[in-house]
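First the proteins, then the strands, lettered A, B, ... as listed; each starts at 1. In this text, all values refer to a predicted model and were calculated from it rather than measured experimentally.
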Amino acid sequence: MARVLLFGRLSDLAGWREREIESPFLSALRTRLTADDPVLGEALAGPGVQVALDQVIVRGDAPLGARTEVAFLPPMSGG
Amino acid sequence: MARVLLFGRLSDLAGWREREIESPFLSALRTRLTADDPVLGEALAGPGVQVALDQVIVRGDAPLGARTEVAFLPPMSGG
Amino acid sequence: MIRLTFEAFDPGALLTAFCQGRAEVGAVATFTGLARAEAGATQTLELEAYPGFTEAAIGKVADQARGRFGLADLEIVHRIGRIAPGEPIVFVATAAGHRREAFEACDFLMDYLKSKAPFWKKEHGPGGPRWIEPSDRDHADLQRWDKDTPP
Amino acid sequence: MIRLTFEAFDPGALLTAFCQGRAEVGAVATFTGLARAEAGATQTLELEAYPGFTEAAIGKVADQARGRFGLADLEIVHRIGRIAPGEPIVFVATAAGHRREAFEACDFLMDYLKSKAPFWKKEHGPGGPRWIEPSDRDHADLQRWDKDTPP
């Protein structure tokens, strides 16, 4: 089960901040999230949204382990 | 009586910091101080030494009032 | 030291502690960012961080600052959660042998923290909550440091 | 506020007080100069001021800084008399709407205080007392501000 985290406006949009979701790949996770909530799916693919796997930014697709933390990070605003 | 103040290395050199001296002009005061202590007199005329009368920097000669404060200021070092 | 805190903090207490026992340092610069009321437009600021990730990202830039400006020490404390107007949001302290390096490092760290650090910022005003993106000025400030950064 | 003091002071306590009630300001920069031990070469620093004259001279430059950088407020506390290694010599705090102005004003004030302000400085080291003149670097730092000063 990947642990999915949403930050900033993404969690407001989705109505949740953290969810356990079974998915073998990041691409499959995106498909699954989009199927559940097309508006969120579009936002996750939007400009400037980065993905971190276990706190490391990744680009493109990647396999997800049983306990991978997947964080969707909208553009960072600074403090 | 002018109140003469020496600052920084000038007071170390003279061995005093403050003295009451009767003098109608700054030029006469300098002559008087040099007569008393030629080494001090030379230092007071040295490069970068400024004179303030009642806390205002002056150049050249100036008359001294009965209670004028005459301060000799070596180059300021900052804090 | 880099620390995120949900609790209000006193920048003065941090400065007092930071200056202790520094007989060989000479120069300490600090910056404190305070939440602005903006004449009633902002009632509360809310900052979200990604625990662990945010500290690590700030830590990397702090290491850059240490090397680039030859700092003896630095400290960064950043508030997260809900922040009332007038409360400190961020405190940065830098210690160096000369004031130029202390100032520049503090300035550099603040430019990063204000525009690129992993925070997400929401203002709760009379018109409801609103997510904030970094300002053009924040980006311009940050770019000042790029021109002499090795590629 | 500009103040000279023979007593040791705590820069943190000054910063705490300076930040109070600033809901509209946003940015507070400070600089604290600490007496350096210079690995035993300096045992004590001694600073002499000309009471009244020194505050007035600093006050003029503080007014320039207020206008030039649009400061909301500033505070300068300068130690005089004998100062032990590690003790604060000078504290400058500036408050402005944006951090750039707060930093630049603080930097500008420090350049003036360190090289031109009416102080006379003596170091008491193992080799006896020695009067100090401003360093070339202090003069170079100060000249940075001249190029865009109106004549």
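The minimum heavy-atom distance linking C:T30 with D:F103 is given by the pair O-CE2, 4.4 Å. The shortest heavy-atom contact between C:V25 and D:R36 is O-NH1, 3.4 Å.
Chain D forms the most heavy-atom pairs under 4.5 Å with one residue out of C:A84, C:A29, C:A95, C:G26, and that residue is C:G26. Ranked by heavy-atom pairs under 4.5 Å with chain C, the list D:P11, D:A23, D:G86 is led by D:A23.
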Donor-acceptor contacts, no H, no angles, side chain residues 12-21 of chain C, under 3.5 Å, sequence neighbours left out:
from	atom 1	to	atom 2	distance (Å)
C:T16	OG1	C:G12	O	3.0
C:T16	OG1	D:D10	OD1	2.9
C:T16	OG1	D:D10	OD2	3.2
C:Q20	NE2	C:T16	O	3.1

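For C:A49, the side-chain contact (heavy atoms from CB on, under 4.5 Å) partners two or more places apart in sequence, or in a different chain, are C:L4, C:T54, C:I80, C:F119.
With respect to D:R99 and C:D111, a salt bridge is recorded, a charged nitrogen being found less than 4.0 Å from a carboxylate O.
Interface remark: D:A27 contributes backbone and side-chain atoms alike to the contact with chain C (heavy atom separation under 4.5 Å).
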